[in-house]
Amino acid sequence: MDQEEVAHAVIARLEAEGHSAYLVGGCVRDKLMNRSVKDYDVTTSALPEQVIASFARTLPTGLQHGTVTVVIQGTPVEVTTFRTESKYEDHRRPASVTFVPELREDLQRRDFTINAIAMERSGRLIDPYGGRTDIERKVIRCVGDAHERFEEDALRMLRCLRFASNYMFSIEEGTWLALLDKAPLLRHIAMERVEAELTKMIAGTDPLRALRLLARSGLLRHTKIPLGAFAERIALAASEHPDPPSQQTASSVKEREELPERLHRWTELSGDVMRWAFLFAAVQLSPEEAAQGMMALVFPRRKSDRIVKLLEFKQVIDREINSIAGTSELSDEKLNMFFKKQALRYGKSNAQDWLAINALLVTFRGPYARLYVRLSDSGAQWLEEIALWDRTELAVTGAEIADALGREAGPWTAQMLDRLLAEAALQGTENDKSRLILLAQQYGKELEMP
């Protein structure tokens, strides 16, 4: 059984026992929009203990909020009792919830009309707030008073922008004005939650629209931890120039005009890591500035490390091209070897990802664009010409090198292996143990060793 079948089975069982139950929220919204549904949620008049008693396998995933996960044939579906919520004391979560018998009361507490629609098993909609009409009109509108909805949960403001950008909807005027008014409340939201919403926007359907909405709303000026250069560059990327006209130079105006054109190709990249890296590269954030912004947003460490590596790779390429191409002709042979050395240093996957990003930025590189074009055209082939990528692929180990040189292993061993790897990977040196040990003995005189 897939999750939709399980959800319908859950509803049928609850109805057979005298309760009312419906599909609700995002799954109904997505079905009405002909989008793929990720998760099916059920809302019911049954109390949590009654839900638990009705099924053979359940998980008490959120009993304090009325949520029980029902598992049928290994497939989970969340089932939540109709509820109302008390005052939100921290602008994020209600202090308490009260279970209620009526569906309409439950729908009334939800954030946007498009998420406040329920559906019977027959397909009949219960839509007291006009969510289906708003879907047809492509409008994001709060349920009830927008000021109250954002006051209750400030994260809803970012969700509003995410839905508008990902679904390419407009934001109803009253909802937008309330968002502008309540923007300072974002300081109450954990940075991890802000990062999660921003990443969903960046990885979504229209990330440039998301940036423009972020810039026009000014939300990123109100985060719990200031984002500094990160927020300023977001504004620039959205063509909302942060400098007054008197401080705008010809180059800064040109940069402002070109950025949206670059970012229109954003969706050609898959995955949030690539899109974040592309954004930072497009707005010319340094690896250090990007790292500071990602630290403030509490990016997962593995993701931020990958992005920084890509930006460092870009920085090295940019510096080399600008320093050499400005004084002399950078031949294909020199460009080839330099690129391969950096690829070996940063790893094949980082080099491949940089090539994908470079291909989207290449027409905006100024006087040395031809060199970036050359890298874009030939980089993938040059990567395939690299024979080895890792020390572990060498025919000799660090311990064997130390033994052959009659010295204690130490930091010098890693330096030696890196040099041998470069020889075998880039210079055509045979990956043979005897040959590599001979080279190590020659290089040993040049390295500082104990």
Exercise for the section: Sorted by first residue and then second, give each salt bridge (charged side-chain N to carboxylate O under 4.0 Å, His left out) pair with at least one member in residues 376-388; sequence neighbours left out. Expected result: Lys340-Glu385, Lys348-Glu384
Exercise for the section: Could you point out which residue of His147, Met157, Arg149 forms a side chain to side chain contact (heavy atoms under 4.5 Å, CB included) with Leu179? Expected result: Met157
Handout entry: Exam field: side chain Glu120 to backbone Gly123, donor-acceptor pair closer than 3.5 Å
Key = no
Problem - All ring-ring contact (aromatic ring centres under 6.0 Å, His included) counterparts of Tyr167, not counting sequence neighbours - result: Phe163, Phe169
Completion exercise
Across all chains, not counting sequence neighbours, the salt bridge (charged side-chain N to carboxylate O under 4.0 Å, His left out) partners of Arg83 are Glu85
Identify each donor-acceptor pair in which a side-chain atom of residues 55-69 lies under 3.5 Å from a protein atom, sequence neighbours left out, and give them as a table.
unit_1 : atom_1 : unit_2 : atom_2 : d
Thr61  : OG1    : Thr69  : OG1    : 2.9
Thr67  : OG1    : Thr80  : OG1    : 2.9

Problem - Short side-chain donor-acceptor distance under 3.5 Å, Arg110 and Asn115 - result: no
Practice task
Provide the full list of side chain to side chain donor-acceptor pair (under 3.5 Å) pairs with a residue in residues 7-19, sequence neighbours left out, each pair given once.
Solution key: Arg13-Glu17, Glu15-Arg121, Glu17-Ser54
Exercise for the section: Keeping the roles fixed (side chain from Thr205, backbone from Asn166), state whether a donor-acceptor pair exists under 3.5 Å. Expected result: yes
Practice task
Please answer whether the main-chain N or O of Ala409 pairs with a side-chain N or O of Thr413 as donor and acceptor at a distance below 3.5 Å.
Solution key: no
Handout entry: Residues, nucleotides or ligands: over 12 heavy atoms within 6.0 Å of Met1 CE
Key = yes
Exercise for the section: Taking salt bridge (charged side-chain N to carboxylate O under 4.0 Å, His left out) as the test, write out the residues that go with Glu195, two or more places apart. Expected result: Lys303
Problem - Heavy-atom side-chain contact between Arg137 and Thr133 under 4.5 Å - result: yes
Practice task
Could you list the residues that satisfy salt bridge (charged side-chain N to carboxylate O under 4.0 Å, His left out) with Asp305, not counting sequence neighbours?
Solution key: Arg301
Exercise for the section: Considering only NZ, NE, NH1 and NH2 on the basic side and carboxylate oxygens on the acidic side, decide whether Glu152 and Arg156 come within less than 4.0 Å. Expected result: yes
Exercise for the section: Go through the structure and list residues passing ring-ring contact (aromatic ring centres under 6.0 Å, His included) with Phe299, not counting sequence neighbours. Expected result: Trp276
Fill in the blank from the handout: Residues at least two apart in sequence or cross-chain that pass ring-ring contact (aromatic ring centres under 6.0 Å, His included) with Phe82, listed by chain then number, are none
Handout entry: Pair Glu4, Tyr40: side-chain N/O donor-acceptor within cut-off below 3.5 Å
Key = yes
Exercise for the section: Please check if the side chain of Gln3 supplies one atom and the backbone of Pro76 the other of a donor-acceptor pair under 3.5 Å. Expected result: yes
Practice task
Kindly state each residue pair satisfying side chain to side chain donor-acceptor pair (under 3.5 Å) with at least one member in residues 41-51, sequence neighbours excluded.
Solution key: Ser20-Ser45
Exercise for the section: Applying salt bridge (charged side-chain N to carboxylate O under 4.0 Å, His left out), name anything that partners Arg159, two or more places apart in sequence or on another chain. Expected result: Asp111
Practice task
Please check if any side-chain donor atom of Asp134 sits under 3.5 Å from a side-chain acceptor atom of Thr113, or the reverse.
Solution key: yes
Handout entry: Sequence neighbours excluded - salt bridge (charged side-chain N to carboxylate O under 4.0 Å, His left out) pairs with any residue from residues 350-361
Key = Arg306-Asp353
Exercise for the section: Answer yes or no: is there a donor N or O on one side and an acceptor on the other, between the side chain of Ser165 and the main chain of Arg162, under 3.5 Å? Expected result: yes
